[in-house]
Undergrad: 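This is the structure I want to talk about, given as structure tokens.
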Amino acid sequence: MSKIKKIAVLTSGGDAPGMNAAVRAVVRAAIFHNLEVVGIEHGFEGMIKGELFRLESKDMRNIIHRGGTILRSARSLEFKTKKGRANAFNNLKKQNIDAVIVIGGDGTFRGAGVFSQEYDIPFIGIPGTIDNDMPGTDFTIGFDTALNTVVETIDKIKDTASSHDRTFFIEVMGRDAGFIALQAGIATGAEAILIPEVEGQAENLREFLLKAKKLKKMSNIILVAEGNKLGGAQQVADQVKDEFKDFGIRVNVLGHMQRGGSPTAFDRFLASRLGVAAVDALIDNQRSVMVGYKNHEVVHVPFNKTIKGLRNINDELLKVADILMI
Ligand code: F6P
């Protein structure tokens with residue numbers, strides 16, 4: 001029998017479309033199991049400051065399709081300190097919180113793992129980040145929406161690129177991972193994709209531009225992951241613009257628009273399944289695990305196996321991209 005009676009839910013780190021759908025699923029699943037639910041605003045920062053408030057099923061109406069997070073989010077430096085975590089614990093105790101569900105990326109789970117060891121409070125994580133850079137899950141909530149936003153934007157840029165015979169360097173998010181760039185590159189038929197996981201990009205890029213020049217193919221899309229080793233899109237463009245003047249080089253940095261917008265059906269579905277699974281995991285007395293999604297099934301992965309450096313880019317996708325470029 002589970003001793004859990006009252007739980008809290010928060011969103012932390014960069015917001016991601018579908019986080020609201022996940023909050024909704026957690027709240028409604030908890031109420032279904034006769035648990036009380038409290039929302040914490042601004043992630044761990046709000047836990048430290050005591051921004052806790054009761055959530056009811058009706059508060060979850062009309063949010064499944066909304067981007068951002070109604071709980072708001074933050075990246076808390078104070079939670080990394082013992083004093084910050086002690087204040088957070090006091091606030092949880094004051095409200096008789098027995099367990100917490102956190103929705104965020106690996107930094108969020110790391111913080112939750114440390115806290116849970118210091119104070120005896122179980123945490124369950126739901127992966128929510130547009131970067132899709134977490135091991136243990138095929139998808140993080142928000143990635144599919146961000147990918148579709150990027151693809152839609154690049155399609156528009158391609159129209160003008162081909163009308164003017166221009167080459168665009170387009171920078172996409174992903175922090176130090178190339179998942180968004182690689183998959184958006186394949187989906188838009190980009191001519192080159194620069195991601196941090198692949199070596200020898202300077203040579204590859206020059207080789208590509210020489211080949212394009214020979215073929216008189218002046219309209220090109222070169223996707224640059226923000227974390228790639230040659231620098232951002234502007235820096236990469238600067239490195240080649242003198243040698244390839246006739247390419248009409250232009251740079252677009254897509255930025256935070258990639259994090260906004262209504263979640264896709266896939267992200268809503270994923271968030272709903274993982275939200276329900278997270279509450280089930282707590283009731284089953286699990287702790288310090290992420291509920292993830294592997295081969296279309298919900299899985300449980302210990303926090304220490306969700307550190308992002310452990311996730312590799314799929315070689316088969318790299319091969320597909322290579323074969324289909326030019
Ligand atoms: O982790 C999500 C993300 O959007 C990354 O892709 C990006 O590097 C980072 O967050 C940007 O963070 P901020 O919104 O704090 O500038």
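Here the structure is a predicted model, which is why all the values come from computation and not from measurement. Both counts, for ligands and for their atoms, begin at 1 and track the order of listing.
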Undergrad: Students often mix this up, so state it plainly: with edges at 30° and 60°, are the rings of F266 and F139 parallel, tilted or perpendicular?
TA: perpendicular

Undergrad: So F123 and F44, would you call those rings parallel, tilted or perpendicular, with 30° and 60° as cut-offs?
TA: tilted

Undergrad: What I want to check is whether the side chains of T306 and D106 have a donor and an acceptor closer together than 3.5 Å.
TA: no

Undergrad: Output the set of protein residues with a heavy-atom contact under 4.0 Å to ligand 1, ordered first by chain identifier and then by residue number.
TA: R75, T129, I130, D131, M173, G174, R175, E226, H256, R259

Undergrad: Just by modelled atom types, is the G142 backbone N or O under 3.5 Å from a matching donor or acceptor in the D267 side chain?
TA: yes

Undergrad: Between Y119 and R85, do the side chains contain a donor N or O and an acceptor N or O under 3.5 Å apart?
TA: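 The criterion, which ignores hydrogens and geometry beyond distance, is not satisfied for Y119 and R85.
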
Undergrad: Would you confirm whether Q183, through its side chain, and I180, through its main-chain N or O, come within 3.5 Å as a donor-acceptor pair?
TA: no

